[in-house]
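Only one structure is covered here, and it is reproduced in the block below.
Position 1 is the first residue of the sequence, and the numbers go up from there. This one's a predicted model, so the numbers in the text were calculated from it and none came from an experiment.
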Amino acid sequence: MYSVINTATIYGIDSSLVSVEADISEGMPCFELVGNLSSEVKEASHRVRSALRNAGYALPIKRITVNMSPINIKKTGSGFDLPIALAILCAIGIIENEKLDSIVVIGELSLDGKIQPVNGILPMALETKRQGKNTIIVPVNNVSEASLVPKLKVIGAEKLSDVISYLTSGHIPDIYETASDGLNSPSEVVFDFSMINGQPLMRRACEIAVSGMHNLLMVGPPGAGKTMIAKCIPSILPPMTLDEQIELSKIYSVCGKFDERKGLLKNRPFRSPHHTISEQGLAGGGQNPKPGEISLAHSGVLFLDELTEFKKPTLEILRQPMEDKKVTISRANGSFNFPANFVLCAAMNPCNCGYYPNLNKCHCSAASIQRYIGKISQPLLDRIDICVEAPQLTYNELMYAQQNEASKTIRERVVKCHKKQKERYEDYGFIHNSQIPSNLIDIFCPLDEAEQSFMHDMYDAYELTARTYHKVLRVARTIADMDDSEDITLTHLQEAIYYKGLDKKYWEMSL
């Protein structure tokens with residue numbers, strides 16, 4: 001007696017269909033699971049046996065072998081319980097195997113036969129649709145998430161007996177839900193630049209950073225508004241495209257952070273991990289790798305407050321994702337790529353007490369300041385496009401500021417700037433100024449003789465690296481786009497070099 005049923009497993013942030021084969025034969029009674037399985041999948045035999053018994057179906061006293069193919073993919077998670085149970089029922093003739101050809105089944109079983117929700121339903125449903133299957137059976141609590149995939153029949157089940165009833169009689173009462181269009185309105189933005197008094201330079205730097213998707217570092221004393229300004233940055237990012245919404249929703253679904261009641265994620269993420277976070281928590285990983293905070297910030301903002309308090313090995317992990325826009329994790333069972341196209345926004349104090357270079361308040365020694373800022377390596381600094389100072393607010397700036405520009409107005413300019421970049425680079429495989437490859441710098445960031453002379457002087461004066469030089473040109477390209485200028489002028493270069501020169505004020509200080 002043989003049967004096969006379709007299910008799915010998570011591989012990185014994507015999914016692969018898996019065939020669950022059940023064979024019942026004469027021999028020593030046993031229940032064996034094979035097929036490159038993780039420990040939680042191997043434990044399914046105990047859950048399935050009890051769930052079937054409590055649903056009124058006893059396992060035959062024979063040799064039961066369940067194989068999951070393909071073998072080269074590691075099977076992880078608890079969503080295999082339900083397909084294993086159904087495959088066995090097909091093998092003993094209770095369910096007709098032909099009814100399951102176009103159906104994918106996913107679900108975890110409790111010992112009493114209840115079906116528990118699982119993570120990663122959205123990528124599994126997308127893969128089901130891509131493979132040409134027209135129906136998916138999922139836990140009732142996952143129906144809304146699976147229904148985000150259009151033109152896919154979604155059946156939610158609360159108990160094992162409900163699924164058996166559907167497959168034998170074709171009817172399950174009150175658990176089928178019609179597909180959702182997922183077009184819920186974005187939640188209201190809480191933080192807005194209209195709330196920020198003063199700090200015109202920081203507001204300008206944030207707009208430049210978002211317009212070209214550049215990384216940003218804010219340096220200043222405590223209480224200057226660095227954190228609040230960082231929280232306003234998502235409010236000026238352009239709306240997410242449908243592809244971005246799906247990709248981000250897949251990441252959150254795999255991590256168990258997806259709220260299917262709100263549909264696809266519409267708002268760009270703002271992730272602010274604590275400085276005690278581990279390397280694995282930031283980049284992702286584990287025996288069966290899952291995305292970390294870097295990937296959870298994909299298409300949005302990764303904010304690192306108190307940058308110097310992070311462990312140095314943790315910070316160094318950022319270097320490769322900041323360049324490649326993805327995280328690559330290699331394990332014995334495969335290599336996993338997690339998307340990581342984010343804007344890095346970091347904030348730090350200039351010294352231990354936070355008040356340097358105000359020598360009336362700062363009493364840190366030169367050696368103490370060097371140790372403090374030395375926690376950030378030069379290779380990491382080279383990958384930060386814009387460094388801006390956050391001065392202490394005066395009383396008049398705090399209490400008597402003029403009417404502040406709202407995020408909506410700034411966002412309109414950012415959207416216009418992004419549209420210009422998308423049209424310019426549509427034939428080159430990238431979108432933003434921050435992604436211009438080094439071999440195309442001369443094409444998209446050409447300089448006249450005067451501008452070349454200026455950059456020659458700045459290169460020698462600041463002892464710039466090749467990477468930093470190119471980043472200055474990319475930032476200048478963004479500033480020119482904001483001014484609606486096709487040419488990069490001396491003014492654009494001066495502002496761009498200022499944003500890269502500020503860090504020298506602290507990293508090469510002397511008392």
Counting N and O atoms only, with roles assigned by atom type, does the side chain of [X] sit under 3.5 Å from a partner on the main chain of [Y], one being a donor and the other an acceptor?
{"X": "Glu293", "Y": "Pro273", "result": "no"}
{"X": "Lys75", "Y": "Ile73", "result": "yes"}
{"X": "Lys129", "Y": "Pro150", "result": "yes"}
{"X": "Arg331", "Y": "Gly286", "result": "yes"}
{"X": "Lys290", "Y": "Gly12", "result": "no"}
{"X": "Asn215", "Y": "Leu344", "result": "yes"}
{"X": "Gln245", "Y": "Met240", "result": "yes"}
{"X": "Ser211", "Y": "Cys417", "result": "no"}
{"X": "Gln116", "Y": "Glu108", "result": "no"}

Exercise: do [X] and [Y] side chains pair donor with acceptor under 3.5 Å:
{"X": "Tyr355", "Y": "Asn360", "result": "no"}
{"X": "Asp382", "Y": "Gln378", "result": "yes"}
{"X": "Ser434", "Y": "His432", "result": "no"}
{"X": "His214", "Y": "Thr478", "result": "yes"}
{"X": "Ser194", "Y": "Asp192", "result": "yes"}
{"X": "Thr489", "Y": "His492", "result": "yes"}
{"X": "Ser235", "Y": "Ser407", "result": "yes"}
{"X": "Ser144", "Y": "Ser147", "result": "no"}
{"X": "Thr308", "Y": "Tyr372", "result": "yes"}
{"X": "Gln280", "Y": "Ser278", "result": "no"}
{"X": "Tyr498", "Y": "Gln494", "result": "no"}
{"X": "Asn288", "Y": "Thr76", "result": "no"}

Taking all heavy atoms of [X] and all of [Y], pick out the closest pair and write down the distance.
{"X": "Pro123", "Y": "Ile13", "result": "CB-O, 3.6 Å"}
{"X": "Leu148", "Y": "Gly263", "result": "CD2-CA, 3.8 Å"}
{"X": "Ser295", "Y": "Phe338", "result": "OG-CB, 3.1 Å"}
{"X": "His298", "Y": "Pro269", "result": "O-CG, 3.3 Å"}
{"X": "Val472", "Y": "Ala496", "result": "O-CB, 3.5 Å"}
{"X": "Ile236", "Y": "Cys206", "result": "CD1-O, 4.1 Å"}

Under 6.0 Å from the [atom1] atom of [X], do we count more than 12 heavy atoms belonging to anything else shown?
{"X": "Lys74", "atom1": "NZ", "result": "yes"}
{"X": "Glu426", "atom1": "CD", "result": "yes"}
{"X": "His275", "atom1": "NE2", "result": "yes"}
{"X": "Lys375", "atom1": "NZ", "result": "yes"}

Pairing of [X] and [Y] as salt bridge, 4.0 angstrom limit:
{"X": "Lys250", "Y": "Glu247", "value": "no"}
{"X": "Asp385", "Y": "Arg474", "value": "no"}
{"X": "Glu127", "Y": "Lys133", "value": "no"}
{"X": "Arg467", "Y": "Glu323", "value": "yes"}
{"X": "Glu495", "Y": "Arg204", "value": "yes"}
{"X": "Arg424", "Y": "Asp481", "value": "yes"}

pair [X]-[Y]: side-chain heavy atoms closer than 4.5 Å:
{"X": "Phe258", "Y": "Asn119", "result": "no"}
{"X": "Tyr499", "Y": "Cys387", "result": "no"}
{"X": "Phe342", "Y": "Val301", "result": "no"}
{"X": "Ile488", "Y": "Arg477", "result": "yes"}
{"X": "Asn341", "Y": "Ser299", "result": "no"}
{"X": "Tyr425", "Y": "Ile431", "result": "no"}
{"X": "Met202", "Y": "Lys226", "result": "yes"}
{"X": "Met322", "Y": "Arg383", "result": "yes"}

Ile329 and Ser335: CA distance, side-chain angles, deciding distance, side-chain contact (heavy atoms from CB on, under 4.5 Å) verdict
CA-CA 6 Å; Ile329 298 175; Ser335 181; over 6 Å; no
Using the side-chain contact (heavy atoms from CB on, under 4.5 Å) rule, take Phe303 and Thr227 through it: C-alpha gap first, then chi angles, then the decisive distance, then the call.
CA-CA 9 Å; Phe303 178 52; Thr227 302; 3.9 Å; yes
Proximity of Phe191 and Phe270 rings by center, below 6.0 Å
no
Under the criterion salt bridge (Lys or Arg N to Asp or Glu O under 4.0 Å), which of Arg411, Arg413, Lys416 is the partner of Glu207?
Arg413
Between Asn142 and Val154, is the side-chain contact (heavy atoms from CB on, under 4.5 Å) condition met? List the steps.
CA-CA 10 Å; Asn142 291 129; Val154 179; over 6 Å; no
Yes or no on side-chain contact (heavy atoms from CB on, under 4.5 Å) for Asn337 and Val327, after CA distance, side-chain angles and deciding distance?
CA-CA 6 Å; Asn337 290 319; Val327 177; over 6 Å; no
Can you list the steps and then say if Glu244 with Arg268 is a salt bridge (charged side-chain N to carboxylate O under 4.0 Å, His left out)?
CA-CA 9 Å; Glu244 288 177 321; Arg268 294 188 181 272; 3.2 Å; yes
Please work out which of the three classes, parallel, tilted or perpendicular, describes the rings of Tyr459 and Tyr469, given edges at 30° and 60°.
perpendicular
Of Gln421, Gln435, His418, which meets side chain to side chain contact (heavy atoms under 4.5 Å, CB included) against Met213?
His418
